[in-house]
Asker: 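Submitted below is the structure of interest, expressed as structure tokens.
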Amino acid sequence: MKRFYAIGFFILVAFDTLAQISFKLAGEHALPLEFSGAWLARVFGQPWIYGAFVGYVGAFFTWMTLLEHAPIGPAFAASHLEVVSVLALSAWLFNEPIGWPQLLGAALIAGGIACLARSEAAEQPAEAPAAPHGA
């Protein structure tokens, strides 16, 4: 089950990150910002806006699947890992600066998720070994 959680949360973070980065790219390519038909055409003429839709829809279905199986505390916390991934990708793709406040925030998010996961694992009873076949 741990593998299911790990893969599921990786997929969730990937979809959330795709959505956020795609919105940023679509917005940059749709400038200048104005309320007009021309601006809407620029927005929806960008392939990145569709990447954002795919990201949000994929994240929704991944999240709903995870909620059926994962403990809610660590699941909710882990769903915010996209903040860290978007921070890293924004620095790389958009040359956005990362200062000590962002690094501290990312470390606190990761640390909080680790603490919740550890406390949840400690509360779970150990699984009983499977009975031998035919017993």
Side-chain angles (χ1 to χ4, degrees):
M1 201 56 138
K2 287 182 183 181
R3 174 182 268 168
F4 172 81
Y5 297 156
I7 292 170
F9 285 115
F10 176 80
I11 292 170
L12 178 64
V13 169
F15 275 131
D16 278 337
T17 302
L18 171 66
Q20 296 300 316
I21 295 297
S22 293
F23 268 130
K24 172 85 171 173
L25 287 166
E28 283 187 346
H29 289 91
L31 293 174
L33 178 62
E34 57 190 35
F35 189 68
S36 69
W39 179 76
L40 284 173
R42 285 194 307 271
V43 168
F44 288 101
Q46 295 298 319
W48 292 110
I49 196 68
Y50 303 104
F53 290 135
V54 167
Y56 275 123
V57 169
F60 173 79
F61 284 108
T62 304
W63 179 238
M64 291 297 115
T65 301
L66 285 168
L67 282 180
E68 290 180 28
H69 305 287
I72 191 68
F76 184 73
S79 72
H80 292 84
L81 274 174
E82 93 277 351
V83 173
V84 177
S85 63
V86 169
L87 175 70
L89 282 174
S90 293
W92 179 55
L93 294 173
F94 308 116
N95 295 317
E96 292 184 4
I98 296 179
W100 70 266
Q102 291 86 1
L103 291 173
L104 178 62
L108 288 172
I109 290 170
I113 292 167
C115 288
L116 279 171
R118 177 173 255 186
S119 70
E120 190 71 33
E123 291 177 11
Q124 297 292 327
E127 294 182 21
H133 190 272

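This chain uses plain numbering: 1 for the first residue, then up along the sequence. The shown structure was predicted, so the numbers you read here are calculated from the model rather than taken from an experiment. The figures here come from the full heavy-atom set of this structure, side chains too, leaving out hydrogens, waters and symmetry mates.
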Asker: Report the distance from atom CD1 of Ile11 to atom OG1 of Thr62, rounding to the nearest 0.5 Å.
Answerer: 6.0 Å
Asker: State yes or no: do Ile98 and Trp100 share one hydrophobic cluster built from I, L, V, M, F, W and Y residues joined by side-chain heavy-atom distances below 4.5 Å, directly or via other members?
Answerer: no
Asker: Would you say Ser85's side chain and Glu82's backbone share a donor-acceptor pair under 3.5 angstrom?
Answerer: yes
Asker: Honestly curious: do Val13 and Ile113 fall in one hydrophobic cluster under the side-chain, below-4.5 Å linking rule?
Answerer: yes
Asker: Applying a strict under-4.5 Å side-chain criterion to I, L, V, M, F, W and Y, I'd like to know whether Leu33 and Leu40 cluster together.
Answerer: yes
Asker: When rounded to the nearest 0.5 angstrom, what is the spacing between CG in Leu93 and NZ in Lys24?
Answerer: 10.5 Å
Asker: Quick check for you: to the nearest 0.5 Å, what is the distance between Glu96 atom CD and Gln102 atom CD?
Answerer: 9.5 Å
Asker: Nearest 0.5 Å, please: how far is CG in Leu87 from OG1 in Thr17?
Answerer: 11.0 Å
Asker: Is there side-chain contact between Leu12 and Phe9, with heavy atoms separated by less than 4.5 Å?
Answerer: yes
Asker: Apply the test side-chain contact (heavy atoms from CB on, under 4.5 Å) to residues Trp48 and Ile21: give CA-CA distance (whole Å), side-chain angles for both, the deciding distance (0.1 Å), then the verdict.
Answerer: CA-CA 8 Å; Trp48 292 110; Ile21 295 297; 5.6 Å; no
Asker: Would one find more than 12 heavy atoms of other residues, nucleotides or ligands at under 6.0 Å from atom CZ of Phe10?
Answerer: no
Asker: Do side-chain atoms of Arg42 reach the backbone of Pro32 as a donor and acceptor pair under 3.5 angstrom?
Answerer: yes
Asker: Looking at every non-hydrogen atom in both residues, tell me the closest pair between Gly51 and Ser22 and how far apart they are.
Answerer: C-OG, 3.6 Å
Asker: Can you get from Leu25 to Val86 by hopping between Ile, Leu, Val, Met, Phe, Trp and Tyr side chains that sit under 4.5 Å apart?
Answerer: yes
Asker: Rounded to the nearest 0.5 Å, what's the gap from CD on Gln46 to CD on Glu28? Could you check?
Answerer: 10.5 Å
Asker: Could you measure the distance from the CZ atom of Phe61 to the CZ atom of Phe15? Nearest 0.5 Å is fine.
Answerer: 10.5 Å
Asker: Would you say Met64 and Leu66 are hydrophobically clustered, going by side-chain heavy atoms of ILVMFWY under 4.5 Å?
Answerer: yes
Asker: Specify whether Phe23 and Phe53 have parallel, tilted or perpendicular ring planes, treating 30° as the upper limit for parallel and 60° as the lower limit for perpendicular.
Answerer: perpendicular
